[in-house]
There are 2 protein chains.
Amino acid sequence: MKTKITLKDIARELEVSISTVSKALKNSEEISRDTKEKVQAFARLYNYKPNNIAISLKNKRTKNIGVVIPDIVHHFFTTVIRGIEKYANARGYNVIVCLSEESFDKEVINMEMLANGSIDGFIMSLSSETQQKGDYNHLKEVTEQGIPVVLFDRITNEIECDKVIIDDELGAYIATKKLVEQGRKKIALITTDDYLSVSKSRTMGYKKALMETGIEVDESRILKLPTMEMDEASIKDFLENQKLDAVLCVNEIFAVYSMRLAQKNGLRIPEDVSVIGFTDGVLSKYANPSLTVVAQHGEKMGEVSAQMLIDKVESEEDEETYQTKILEPTLVIRDSIVH
Amino acid sequence: MKTKITLKDIARELEVSISTVSKALKNSEEISRDTKEKVQAFARLYNYKPNNIAISLKNKRTKNIGVVIPDIVHHFFTTVIRGIEKYANARGYNVIVCLSEESFDKEVINMEMLANGSIDGFIMSLSSETQQKGDYNHLKEVTEQGIPVVLFDRITNEIECDKVIIDDELGAYIATKKLVEQGRKKIALITTDDYLSVSKSRTMGYKKALMETGIEVDESRILKLPTMEMDEASIKDFLENQKLDAVLCVNEIFAVYSMRLAQKNGLRIPEDVSVIGFTDGVLSKYANPSLTVVAQHGEKMGEVSAQMLIDKVESEEDEETYQTKILEPTLVIRDSIVH
DNA sequence: ATGCAAAACGAAAACGGTTTCGTGTTAATA
DNA sequence: TATTAACACGAAACCGTTTTCGTTTTGCAT
C-alpha cells in the first residue's frame with residue numbers, strides 16, 4: 001500500500017524546506033530554476049497531489065456545495081441535480097447531496113451537518129413539511145452566518161436569498177388556456193394543498209385562465225391532495241363522480257393515472273378527455289397515449305442555481321443583493337390532447 | 001453577520017486555554033465541574049459547533065463517501081443513491097455524488113478529485129466506456145492507496161474489492177422461464193453489447209432458460225444495441241421484421257416502447273405478445289398495460305453497499321478480504337404478461 | 001576587498017481542532 | 001512539617017497546506 005505523499009515527505013527527501021517545496025510546485029519566482037525542476041520532477045514521479053482538506057482549512061473554502069432536496073426518486077429533482085452537478089463540476093466544485101424526504105427535522109439536521117465547514121453554500125428546495133410549518137429558522141441561521149443559499153422550485157418569501165423558479169402560474173395558465181382553446185369546458189385540476197408553493201401558483205394559473213375565458217371556476221372540479229404522494233383511491237373517487245372533458249395535473253403520475261382511469265371507463269383520450277401534466281419525464285414520453293406536459297426544465301434550473309451560488313461564493317464583496325430568476329415553462333404537446 | 005465561534009474564541013472570553021475548552025466540551029474527567037459548566041454554557045449560548053474540516057484534517061477521516069455513477073436520471077441509480085444516502089446518513093456520513101455520464105475520462109477525473117482527502121471511500125458503478133475499454137487503472141490507484149471501494153451493479157473482476165450485484169443471470173432466467181411456461185416460444189431479447197457486465201449476464205440467463213426448456217436459441221431474435229440509450233429506429237426495425245410472441249428487455253424503456261410498437265401494429269398485450277422488462281420504476285407501474293419486470297432492488301443495493309463500505313472504513317485492521325454480495329432479483333408480475 | 005542589491009531559501013504563523021505530557025496547586029498522609 | 005498523590009489546567013505538537021517575513025547566499029559594481 002503506497003500511502004499518499006505530502007509536502008513534508010518531498011522536503012525531507014530533497015533536503016529543502018516545506019516552504020520551498022510548496023513554492024516550487026506553484027512555480028514561484030522566488031525559487032531557482034534548478035530547485036523547481038527537481039521538486040516538480042520528484043512530485044510528478046511520486047504523483048503528489050495536495051490534500052484537499054488541508055487546503056480547505058487554510059482557505060476556508062471547500063469547493064463543495066450542499067444540495068438539500070426532498071426526494072431524489074422524482075424525475076424533476078433528478079434533472080435539477082444533473083444540471084447542478086454538470087455546472088458545478090465544470091467550475092471545480094463537488095456536490096454533496098442530502099435528502100430531507102419531505103421531513104422538516106431531516107432538513108434541519110442535514111443543514112446543520114453541512115453548515116459546519118463542509119460546504120461553501122447551499123442549493124435547496126424546501127420539504128413539504130417545512131413549507132407547511134412555515135418555520136425557516138434553520139435557513140435564517142445559515143444565511144446569517146454568511147453562507148450563501150439558493151432556493152429553487154419550492155421557495156419561501158421569508159428568506160432573503162437568491163431564488164430560481166419556473167413561472168408555475170404561467171405554466172398552468174398556458175396549459176389551461178390550451179384546453180379551453182380546444183373547446184374543453186369542464187376542466188378538472190388535480191393538485192395538492194396550497195402550502196406547497198408550486199401548487200398554489202399552479203392553481204392560480206388555472207383559475208386565471210378559466211376566468212379570462214369566461215368559464216366559471218367550479219371548486220368541486222379541483223382536487224387537493226394532502227401531498228404529492230400518489231393516492232389512487234382519492235383520484236378515482238374524484239374523477240368517476242363527475243363528467244369532465246379535460247384534466248390538468250400538477251405532476252405526471254397523477255396525469256398518467258387519470259388517463260388510465262378514463263380509459264378503463266371507456267373514455268377515449270384525447271377524443272373524450274384531454275389530459276395535461278407537469279414535469280417532462282420519462283413517464284410522459286412513454287405513456288399511452290403520450291402525455292402533454294408543462295416542461296419545467298429542471299436541468300436548466302439546476303445550472304442557473306449552481307451558477308448563482310458559485311458566483312456569490314466566489315465574489316469578494318458581500319453584496320446584500322439577491323435576485324429571483326424566473327424560468328419560462330413550455331408546453332410539450334403530445335397525444336393526450338388533440339392536435 | 002454573526003460569524004462562527006471557535007475554541008479559541010471561547011478560550012479568550014473565558015480566560016482559559018484552548019485545551020481546557022476542548023476537554024470541557026468533551027466532558028473530560030480532567031476538567032473541574034465548575035469549568036466544564038461554564039464552558040458548556042458559553043458554548044451552548046453562542047451555538048458552538050466544531051469545524052468539520054479541522055476535525056477531518058486531524059483524524060484523517062472526512063465522514064464523506066464518494067458515489068460515482070454513470071447517470072442519475074435513471075430510476076435504478078436513483079434508488080441506489082437513496083439507499084446509500086439513507087444508510088450513510090444514519091451512520092453520520094455525507095454523500096458526495098459525481099456523475100461520469102458514461103465517460104471514462106470523467107470517471108477518472110472525478111475519482112482523482114475526491115481521492116485527495118475529500119472522502120473516506122468510494123461506492124461506484126462503472127461507466128460503459130470504462131467497461132468497454134477495460135481500463136481500470138484509476139481504480140487500482142485508489143485501492144492501492146488504501147481507500148476502500150465498493151463496486152455495484154456494473155462491476156469488473158479485474159479489481160479486488162467489495163462488490164454488490166444482483167444475480168442478473170437469474171433475473172433474466174426466471175423472466176424467460178416464466179414466458180416459456182406460458183407457452184411462449186418466439187421470445188426476443190433486446191439488450192446491449194456484451195461489454196456491459198449486466199447485459200452479458202442477462203443474455204446468458206435468457207439463453208440458459210431457453211436451452212433448458214428445449215427451445216433453440218435464435219441469434220436473430222437478439223437485438224444488441226450499442227448503449228442503454230433509447231434507439232427507437234433500431235427497435236422498431238427489429239420488432240417489425242419478425243413474428244414474436246414475447247419480448248424480454250434489459251430496461252423498462254425498451255420494454256414500454258416495445259409494447260407501444262406492438263399495440264400500434266394491432267397486437268394485443270399480453271394476449272398476442274408478452275413483455276417483460278428490467279427495473280421496477282415508475283414507468284413500469286404506470287405504463288398501459290402495466291409492465292411485468294425483474295426488480296433490481298436498487299435501494300437495498302445502495303444500503304448494502306454503504307454498509308460494506310462504512311464497515312471497512314471504520315474497521316481498524318486492514319484485512320485484505322473482500323466479498324461479493326449477490327442480491328436476488330424478483331419478478332414483479334403485472335399486466336404485460338398473462339396471469 | 002568591500003558594499004549592496006537581488007536572488008534563493010527557510011522559519012514560523014495560521015487555519016481549528018485533538019491529545020499527550022508537563023506543571024502548579026491543593027489536600028491528604030506520615 | 002515534610003512528602004506525596006490527586007486534581008486542574010496549560011503548553012505544545014500535530015494534521016497538511018499557504019504565505020509572510022526574515023535570513024543567508026550569490027553576484028556584481030566599486
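Reminder, nothing fancy here: chain letters follow the sequence lines and each chain counts from 1.
dG16(D) atom C1' lies 12 Å from atom CD1 of Ile10(A), rounded to whole Å. One can place CG of Leu14(B) at 15 Å from C1' of dG10(D), the figure rounded to the nearest angstrom. Atom-to-atom, NZ of Lys49(A) to C1' of dG16(D) comes out at 16 Å; the value is rounded to the nearest Å. In this structure, CD1 of Ile18(B) is placed 11 Å from C1' of dA11(D), rounded to the nearest angstrom. When rounded to the nearest whole Å, the span between CG of Asn51(A) and P of dC15(D) equals 12 Å. Distance Lys8(A) NZ to dA13(D) P: 12 Å, rounded to the nearest Å. The distance from atom CG of Asn27(A) to atom P of dT18(D) is 13 Å, rounded to the nearest whole Å. Atom CD1 in Ile55(A) sits about 7 Å away from atom P in dT17(D), given to the nearest Å.
Applying the ring-ring contact (aromatic ring centres under 6.0 Å, His included) criterion to Phe42(B), with sequence neighbours excluded, gives Tyr46(B). Applying the side-chain contact (heavy atoms from CB on, under 4.5 Å) rule to Ser103(A) yields the partners Asp105(A), Lys106(A), Glu129(A); only residues at least two apart in sequence or on another chain are considered. Looking at residues two or more places apart in sequence or on another chain, you find a side-chain contact (heavy atoms from CB on, under 4.5 Å) between Ile165(B) and Ile155(B), Thr324(B), Ile326(B). Residues meeting the side-chain contact (heavy atoms from CB on, under 4.5 Å) test with Ala24(B), sequence neighbours left out: Ile31(B), Lys36(B), Val39(B). With sequence neighbours left out, the ring-ring contact (aromatic ring centres under 6.0 Å, His included) criterion links Phe104(A) to His138(A). For Asp71(B), the side-chain contact (heavy atoms from CB on, under 4.5 Å) partners two or more places apart in sequence, or in a different chain, are Arg82(A), Val73(B), His74(B).
No contact: Ser56(B) has no heavy atom under 4.0 Å from any strand. Note on Thr6(B): only backbone sugar-phosphate atoms sit closer than 4.0 angstrom, heavy atoms only; bases stay farther off. Looking at heavy-atom distances under 4.0 Å, Ser32(B) makes contact with sugar-phosphate atoms alone, never a base.
Rotation axes derived from the C1' atoms of the five outermost pairs at either end of the helix from dA1(C)-dT30(D) to dA30(C)-dT1(D) lie 80° apart, to the nearest 10°.
Between the side chain of Lys58(A) and the base of dT18(D) there is at least one donor-acceptor pair of N/O atoms closer than 3.5 Å.
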Short N/O separations, protein against nucleotides 20-24 of chain D, under 3.5 angstrom:
| from | atom 1 | to | atom 2 | distance (Å) |
| --- | --- | --- | --- | --- |
| dT20(D) | O4 | Lys23(A) | NZ | 3.3 |

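For the atom pair CG of Leu25(B) and CZ of Arg44(B), the computed distance is 10.0 Å after rounding to the nearest 0.5 Å.
Bracketed by its first and final contacts, the part of DNA chain C lying under 4.0 Å from non-hydrogen atoms of chain B reaches from dC15(C) to dC21(C) in 5' to 3' order.
At dT17(D), none of the side-chain N or O atoms of Lys26(A) fall inside 4.0 Å of OP1 or OP2 (strictly under the cut-off). A sub-4.0 Å separation between OP1 or OP2 of dG16(D) and a side-chain N or O of Tyr48(A) is absent.
Sequence neighbours left out, the pairs with a member in residues 139-148 of chain A that pass salt bridge (Lys or Arg N to Asp or Glu O under 4.0 Å) are Glu144(A)-Lys2(B). Screening residues 90-99 of chain A for side-chain hydrogen bond (donor to acceptor under 3.5 Å, both in side chains), with sequence neighbours left out, gives Tyr87(A)-Arg91(A), Arg91(A)-Asp311(A), Arg91(A)-Glu314(A), Tyr93(A)-Glu314(A).
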Only pairs under 3.5 Å count here: list side-chain donor-acceptor contacts from residues 5-19 of chain A, not counting sequence neighbours, and write none if there are none.
| from | atom 1 | to | atom 2 | distance (Å) |
| --- | --- | --- | --- | --- |
| Thr6(A) | OG1 | Lys8(A) | N | 3.2 |
| Thr6(A) | OG1 | Asp9(A) | N | 3.3 |
| Thr6(A) | OG1 | Asp9(A) | OD2 | 3.3 |
| Asp9(A) | OD1 | Arg12(A) | NH2 | 2.8 |
| Asp9(A) | OD2 | Thr6(A) | N | 2.9 |
| Ser17(A) | OG | Ser19(A) | N | 3.4 |
| Ser17(A) | OG | Ser19(A) | OG | 3.4 |
| Ser17(A) | OG | Thr20(A) | N | 3.2 |
| Ser17(A) | OG | Thr20(A) | OG1 | 2.9 |

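Judged by distance alone, with hydrogens and angles left aside, the side-chain atoms of Asn137(A) form no donor-acceptor pair with the main-chain N or O of Leu139(A) at under 3.5 Å.
Remark: Lys63(A) does not engage Asp120(A) in a salt bridge, criterion side-chain N to carboxylate O under 4.0 Å.
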